[in-house]
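To start, the structure under review is shown below, and the notes come after it.
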Amino acid sequence: AAGQASEQASALRLQARAQTQLDATTAAAEALARALQIDRALGQPDRVALDLVYAAENEQRRGDPVSARDYLDRALSVYTATGDVRGAAAVQQQLAKTR
């Protein structure tokens, strides 16, 4: 069951990425929220952080830099808490571009 839920979250992330590129940002935000909920329930911090980064990109596309920064700050917290130095550095670079 956990594998199936993980695959569903991955599919939602992929769907959301495509929707963001197509400017269907509301649908993308909904898909990412569902993916985030699944990944949290499964206890997958690497996927949670990825969901948050993708949500930030979607918010940037929507023209909401404040929300984008909030998502990036949350992703940075997850990467930092899990010791993912590369993930944290990548998010810090994105944050520098949005400030």
Side-chain angles (χ1 to χ4, degrees):
Q4 186 177 17
S6 181
E7 287 181 23
Q8 181 183 14
S10 292
L12 287 165
R13 261 190 306 284
L14 183 61
Q15 173 188 340
R17 298 283 286 164
Q19 289 169 325
T20 296
Q21 295 302 311
L22 295 171
D23 285 324
T25 56
T26 299
E30 292 167 1
L32 287 166
R34 290 196 315 266
L36 180 61
Q37 182 180 23
I38 292 167
D39 291 331
R40 279 184 179 157
L42 293 174
Q44 297 183 331
D46 58 325
R47 299 297 180 205
V48 167
L50 192 57
D51 296 335
L52 294 168
V53 169
Y54 289 166
E57 291 172 1
N58 190 59
E59 291 303 313
Q60 274 296 117
R61 186 79 171 219
R62 292 173 102 164
D64 188 348
V66 173
S67 292
R69 281 190 299 275
D70 179 58
Y71 280 118
L72 288 173
D73 284 335
R74 291 168 58 193
L76 179 59
S77 293
V78 173
Y79 282 132
T80 300
T82 60
D84 185 338
V85 176
R86 286 180 34 181
V91 170
Q92 286 173 333
Q93 287 179 344
Q94 286 180 293
L95 277 167
K97 294 176 187 176
T98 62
R99 294 196 194 267

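Judged purely by distance below 3.5 Å, without hydrogens or angles, the side chains of N58 and T20 pair a donor atom with an acceptor atom.
Once rounded to the nearest 0.5 Å, the distance linking CG of L95 with OG1 of T98 reads 5.0 Å. Here the straight-line distance linking atom CZ of R62 with atom CD of E57 works out to 14.0 Å at 0.5 Å rounding. The distance from atom OG of S77 to atom CZ of R74, rounded to the nearest 0.5 Å, is 9.5 Å. Once rounded to the nearest 0.5 Å, the distance linking CG of D70 with CG of L72 reads 9.0 Å.
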Practice problem: Could you give me the CA-CA distance, side-chain angles and deciding distance for L12 and I38, then say whether side chain to side chain contact (heavy atoms under 4.5 Å, CB included) is met? | Solution: CA-CA 10 Å; L12 287 165; I38 292 167; 3.9 Å; yes
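Annotation for A16 and L32: closest pair CB-CG, 3.4 Å, computed over non-hydrogen atoms. Listed here is the closest heavy atom pair of Q60 and P65: OE1-CA, 3.3 Å. Nearest approach of V53 to Y79, heavy atoms of both residues: CG2-CE1, 4.3 Å. Residues A75 and A49 share a closest heavy-atom pair of CB-O, 3.8 Å.
Applying the salt bridge (charged side-chain N to carboxylate O under 4.0 Å, His left out) definition to pairs two or more places apart or across chains, those involving residues 27-49 are R13-D39. Pairs engaging residues 76-93 under the salt bridge (charged side-chain N to carboxylate O under 4.0 Å, His left out) rule: none recorded [sequence neighbours left out].
R69 places none of its side-chain heavy atoms less than 4.5 Å from the side chain of E59. Residues Q19 and Q15 meet the side-chain proximity criterion, which asks for heavy atoms closer than 4.5 Å. For the pair S6 and Q44, the minimum side-chain heavy-atom distance is below 4.5 Å.
For D64, there are no salt bridge (Lys or Arg N to Asp or Glu O under 4.0 Å) partners two or more places apart in sequence or in a different chain. For T82, there are no side chain to side chain donor-acceptor pair (under 3.5 Å) partners two or more places apart in sequence or in a different chain.
The hydrophobic cluster around L22 extends to none of the other residues, as no ILVMFWY side-chain heavy atom falls under 4.5 Å of it. Counting Ile, Leu, Val, Met, Phe, Trp and Tyr side chains that sit under 4.5 Å apart, directly or through other members, V48 shares a hydrophobic cluster with L36, L52, Y71, V78.
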